[in-house]
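The block underneath contains the structure these notes are about, expressed in structure tokens.
The model shown is predicted, which means the values in this text are computed figures rather than measured ones.
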Amino acid sequence: MKRKAGKYGGISSAAVAKATGRTWTEWLALLDRAGARNQPHRGIVRLLQARRELSDWWRQMVAAGYEQARGLRVEHPKADGFEISVTKTIAAPVDRAFAAWREAGLREQWLPRTPLTVRKATPHKSIRIVWTDDTSLSVNFWPKGPLKCQVVPEHGKLTTPEMAEQMKSFWTEKLEVLRLFLEK
């Protein structure tokens, strides 16, 4: 699974360096030398306890980031599969963004040939959808003033980490198409 270089556990190398005094590259090298690759998560946290400058929270974050970087932990896990979300701020009122999802004719203009089943729709707030492969899609809408909104699809019950990454890319692309459609 591809990851952005220098970003693990959702935390950039710059952010981890600012908080801990070490970049991801430095933490990975230090933990490799300490034998962390052969340790369970608790063991990695124990190795980090010797670093008194780290809070409990940062020990957990560095350990989880190490596990992701070394392929010992997958991203986006949930009890019923994997889940991803993507956020896009669009210069359009929330009612227009909601309609672009809810109304099939509008949806066809930015998400063509995609049959889906709307389970529940709360106007201008959220839509719950059964996706084409029976996975679940929840789309939340957040007003950001009268002429701007945030659209956040959360796609769950994905069966593999690869599928999660594929859907994250898919929704990133489709939200850009939606933005262009609504902002024209």
Side-chain angles (χ1 to χ4, degrees), residues 1-90 111 114 126 128-142 144 150-180:
M1 176 174 21
K2 293 182 182 176
R3 287 181 199 80
K4 287 184 178 179
K7 187 171 185 176
Y8 304 104
I11 302 170
S12 71
S13 192
V16 80
K18 183 178 178 184
T20 69
R22 294 179 191 271
T23 65
W24 276 123
T25 301
E26 292 168 322
W27 278 116
L28 299 179
L30 184 145
L31 288 168
D32 281 343
R33 285 190 304 273
R37 193 180 288 261
N38 300 320
Q39 295 288 323
H41 180 81
R42 274 190 210 166
I44 298 169
V45 171
R46 266 190 240 112
L47 290 172
L48 291 167
Q49 283 176 336
R51 317 253 7 103
R52 299 282 181 219
E53 70 274 12
L54 289 180
S55 68
D56 290 340
W57 191 85
W58 275 107
R59 285 183 198 126
Q60 292 293 329
M61 292 301 98
V62 170
Y66 177 82
E67 290 170 314
Q68 285 181 3
R70 296 301 183 242
L72 304 172
R73 175 185 287 229
V74 295
E75 295 180 275
H76 317 297
K78 294 283 182 183
D80 58 354
F82 295 84
E83 181 177 281
I84 58 91
S85 67
V86 179
T87 301
K88 187 71 159 182
T89 300
I90 298 173
L111 190 63
T114 308
S126 66
R128 306 290 181 259
I129 296 168
V130 177
W131 191 242
T132 58
D133 59 0
D134 289 327
T135 56
S136 65
L137 179 64
S138 174
V139 185
N140 296 295
F141 302 88
W142 304 97
K144 297 292 181 185
Q150 199 171 57
V151 180
V152 185
E154 297 173 349
H155 203 140
K157 296 186 180 178
L158 302 167
T159 56
T160 66
E162 293 78 18
M163 187 179 193
E165 290 299 321
Q166 179 183 5
M167 293 314 295
K168 191 166 186 78
S169 294
F170 175 82
W171 287 118
T172 298
E173 291 171 22
K174 291 303 176 185
L175 285 182
E176 180 60 15
V177 173
L178 175 63
R179 183 191 69 77
L180 293 171

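- Counting only distance, with no hydrogens or angles, the side chain of Ser13 and the backbone of Trp24 share a donor-acceptor pair below 3.5 Å.
- Residues satisfying the side-chain contact (heavy atoms from CB on, under 4.5 Å) test with Thr132, not counting sequence neighbours, are Thr114, Pro115.
- Screening residues 26-36 for side chain to side chain donor-acceptor pair (under 3.5 Å) gives Thr20-Trp27, Thr23-Glu26, Asp32-Tyr66, Asp32-Arg70 as the qualifying pairs, with residues at least two apart or on separate chains.
- Within the model, atoms CD1 of Ile84 and CD of Gln166 stand 10.5 Å from one another, a figure rounded to the nearest 0.5 Å.
- Partners of Trp171 under the side-chain hydrogen bond (donor to acceptor under 3.5 Å, both in side chains) rule, at least two apart in sequence or in another chain, are His155.
- Contact detail for Asn140 and Ser126: the closest heavy-atom pair is OD1-CB, 3.5 Å.
- Under the rule for a side-chain contact (heavy atoms from CB on, under 4.5 Å), the partners of Thr87 that lie at least two apart in sequence or sit in another chain are Gln150, Val152.
- Heavy-atom contacts from other residues, nucleotides or ligands closer than 6.0 Å to NZ of Lys157 number 12 or fewer.
- The CD atom of Glu165 sits 10.0 Å away from the CZ atom of Phe82 when rounded to the nearest 0.5 Å.
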Using side-chain contact (heavy atoms from CB on, under 4.5 Å), reason through Lys174 and Leu111 one step at a time and then give a plain yes or no.
CA-CA 7 Å; Lys174 291 303 176 185; Leu111 190 63; 3.8 Å; yes
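- Closest heavy-atom contact between Ile11 and Ala15: CG2-CB, 3.8 Å.
- Residues Gln60 and Val45 have side chains in contact (heavy-atom distance under 4.5 Å, counting atoms from C-beta outward).
- In plain terms, the two heavy atoms of Arg128 and Ser138 that are nearest each other are NH1-OG, 2.7 Å.
- Note that the CG atom of Asn38 and the CD1 atom of Ile44 stand 9.5 Å from one another [nearest 0.5 Å].
- Among residue pairs with one or both ends in residues 29-65, none qualify as ring pair (Phe, Tyr, Trp, His ring centres under 6.0 Å); sequence neighbours excluded.
- For the side-chain contact (heavy atoms from CB on, under 4.5 Å) test, residues two or more places apart in sequence or in another chain that qualify with Val130 are Thr117, Arg119, Asp134.
- Closest of all the heavy-atom pairs between Leu158 and Met167 is CD2-CG, 3.9 Å.
- Scanning all heavy atoms of the two residues, the minimum distance from Leu47 to Ala34 falls at CD1-O, 3.9 Å.
- The side chain to side chain contact (heavy atoms under 4.5 Å, CB included) test with Pro153 singles out one residue from Thr172, Ile129, Leu137, Leu178, and that residue is Leu137.
- Annotation: salt bridge (Lys or Arg N to Asp or Glu O under 4.0 Å) contacts of Arg179 (sequence neighbours excluded): Glu176, Glu183.
- For Asp133, the salt bridge (Lys or Arg N to Asp or Glu O under 4.0 Å) criterion is met by no residue, not counting sequence neighbours.
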